[in-house]
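In what follows, a structure is listed as C-alpha cells, so that the remarks can point back to it.
Note that the structure is predicted; figures quoted are calculated from it, not measured.
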Amino acid sequence: RSTVQRLVPMLLLAPALAILSLILFMQAPAAVAPTADVYGRVLADMTFAPVPGAKVALYPIPFPPGHKPRSSVSDRNGEYAFTGIPEGFYRLGLYHDEYFPTHDMSETSVSLRGGERRGAVDLMMSQGASISGHVRAVSAVALRHVSVSAVQLRGPRFRNARPSVHSSPVNALGEFRVSGLRPGPWVVVAHRDNAPVVFEGEILTESLTYYPGTLDIRCAQEVTLKSG
C-alpha cells in the first residue's frame with residue numbers, strides 16, 4: 001500500500017480521537033478543595049470537668065445572610081467536632097441550659113486552612129445561677145400557657161435588655177425554674193407562652209407581671225444572682 005493509502009485512515013480517525021479526548025476531558029471531575037476539621041472539649045471553668053450537652057455553633061466570618069451555622073453537641077466527655085469545613089475564618093459560639101460562656105470565650109475564633117486538623121480547641125463555660133419559685137393564680141386553669149422569664153438589664157434602669165432572655169414554663173402547681181443565668185441583677189417576669197418580652201433591645205411593658213407581683217415595671221424588684 002502506498003503512503004497516501006496508509007495516511008487516509010489515520011486522517012479519518014484523528015477527528016474521532018480528538019472528540020473522544022474532549023469528551024473525556026469534560027467528564028473529568030473538578031478538583032475538590034481540601035477541607036479542615038476542628039475539635040475540642042467544653043469544660044467547666046472552675047473544675048475543668050467536662051460539660052455534656054453544650055451546643056457549639058460554628059459561624060463563618062463574614063456571616064452570609066440567611067445562612068445557618070453548623071452545630072455540634074458535646075458528648076458525655078465534653079467533646080465536640082466539626083469535619084469537612086471549608087477553608088476560612090470562623091467564630092465559635094456556645095449555649096447550654098445550665099451554663100454560660102466565660103467572658104474569655106465570648107469572642108473565640110479560628111482560622112482554618114484546607115487539609116488542617118485543628119485540635120484541642122477547648123471552650124470554657126461557667127455554671128449559671130437559677131431562679132425558682134411559684135406563680136400564684138386563682139385556679140390551675142389560669143396557669144395554663146404561662147411562662148416565667150428572667151431579663152438582665154443594662155444601661156438606665158428598666159430600659160435596655162440584653163439580647164438573651166431565659167424562660168421556663170410554669171407547671172400545674174405554679175412552679176418554675178429559670179437556669180443558666182449570669183451573675184448580676186435580673187428582672188423576673190410572668191407572661192403568656194410565646195408572648196414577646198423584649199423587642200429591639202427594650203423590655204416590653206404590656207401584659208406582663210413583674211416580681212414581686214406588680215404590673216408597673218417601675219415597681220419591679222430586681223433579683224441579684226451570684227455565679228453558681
Q: Mind listing the closest non-hydrogen atom pair of L92 and L123 along with its distance?
A: CD1-CD2, 4.1 Å

Q) Taking only residues two or more places apart in sequence or in another chain, which ones pass side chain to side chain donor-acceptor pair (under 3.5 Å) with Y59? A) none

Q. Under 4.5 Å between any side-chain heavy atoms of V56 and V73, yes or no?
A. no

(Q) Looking only at the side chains, is there a donor atom on one of S179 and D97 sitting less than 3.5 Å from an acceptor on the other? (A) no

**Q.** OG1-CG distance between T35 and L112, expressed to the nearest 0.5 angstrom
**A.** 10.0 Å

Q) Of all heavy-atom pairs between F82 and A57, which one has the smallest distance, and what is that distance? A) CZ-C, 4.3 Å

Q) With distance as the sole test, does D122 use its side chain to make a donor-acceptor pair with the main-chain N or O of R41 at under 3.5 Å? A) yes

Q: Before giving the answer on salt bridge (charged side-chain N to carboxylate O under 4.0 Å, His left out), spell out for R177 and E98 the whole-Å C-alpha distance, their side-chain angles and the decisive distance to 0.1 Å.
A: CA-CA 11 Å; R177 184 174 185 268; E98 302 289 337; 3.6 Å; yes

Q. Which residues satisfy the ring pair (Phe, Tyr, Trp, His ring centres under 6.0 Å) test with H191, sequence neighbours excluded?
A. none

Q) So, for A220 and Y210, which heavy atoms are closest and what is the spacing to 0.1 Å? A) CB-CB, 3.6 Å

Q: Drop me the distance from R182's CZ to Y99's OH, to the nearest 0.5 angstrom.
A: 15.0 Å

Q: Report the C-alpha distance between V148 and V170 in whole Å, list the side-chain angles of each, state the deciding distance to 0.1 Å, and finish with yes or no for side chain to side chain contact (heavy atoms under 4.5 Å, CB included).
A: CA-CA 7 Å; V148 171; V170 174; 3.8 Å; yes

Q. Do other residues, nucleotides or ligands put more than 12 heavy atoms under 6.0 Å from F48 CZ?
A. no

(Q) With a 4.5 Å cut-off on side-chain heavy atoms, are R76 and P50 touching? (A) no

Q.
For the CZ atom of F176 and the OG atom of S130, what is their distance to the nearest 0.5 Å?
A. 10.0 Å

Q. Is there a donor in the side chain of S147 and an acceptor in the side chain of D193, or the other way round, less than 3.5 Å apart?
A. yes

Q. If every non-hydrogen atom of D45 is compared with every non-hydrogen atom of S126, which pair is closest and at what distance?
A. OD2-OG, 2.7 Å

Q) So E222 and V187, side chain to side chain contact (heavy atoms under 4.5 Å, CB included) or not? Walk me through it. A) CA-CA 5 Å; E222 291 179 316; V187 172; 4.2 Å; yes

**Q.** Check: R218 main-chain N/O paired with D216 side-chain donor or acceptor under 3.5 Å
**A.** yes

Q) With a 4.5 Å limit on heavy-atom distance, are the side chains of V51 and L43 in contact? A) no

Q | Criterion side chain to side chain contact (heavy atoms under 4.5 Å, CB included) on R192 and V146, from CA distance to verdict | A | CA-CA 5 Å; R192 303 293 294 177; V146 172; 3.9 Å; yes

(Q) Using side-chain heavy atoms (C-beta onward) and a distance below 4.5 Å, is I85 in contact with R70? (A) yes

(Q) Any carboxylate oxygen within less than 4.0 angstrom of a Lys/Arg side-chain nitrogen, looking at R118 and E87? (A) no

**Q.** Side chains of H166 and W186 in contact at under 4.5 Å (non-hydrogen atoms)
**A.** yes

Q. Would you say P183 and L225 make side-chain contact, with heavy atoms under 4.5 Å?
A. no

Q) Are Y95 and L58 linked, directly or through other ILVMFWY residues, by side chains that come within less than 4.5 angstrom of each other? A) no

Q) For V178 and S167, which heavy atoms make the closest approach, and how far apart are they? A) CG1-N, 4.2 Å

**Q.** Backbone of A54 reached by a side-chain donor or acceptor of S74 within 3.5 Å
**A.** yes

Q) Does some side-chain heavy atom of L215 sit less than 4.5 Å from a side-chain heavy atom of T209? A) yes

Q: First locate atom CD of Q221, then atom OG1 of T214, and finally report the distance between them rounded to the nearest 0.5 Å.
A: 11.0 Å

Q) CD/E175 to OG/S168 distance, rounded to the nearest 0.5 angstrom? A) 10.5 Å

Q: Could you tell me whether the side chain of Y90 reaches within less than 4.5 Å of the side chain of I61, counting heavy atoms only?
A: no

Q | Residues in ring pair (Phe, Tyr, Trp, His ring centres under 6.0 Å) contact with Y39, at least two apart in sequence or another chain | A | none

**Q.** Residues H96, F100; criterion ring-ring contact (aromatic ring centres under 6.0 Å, His included); working and verdict
**A.** CA-CA 6 Å; H96 195 285; F100 60 90; over 10 Å; no

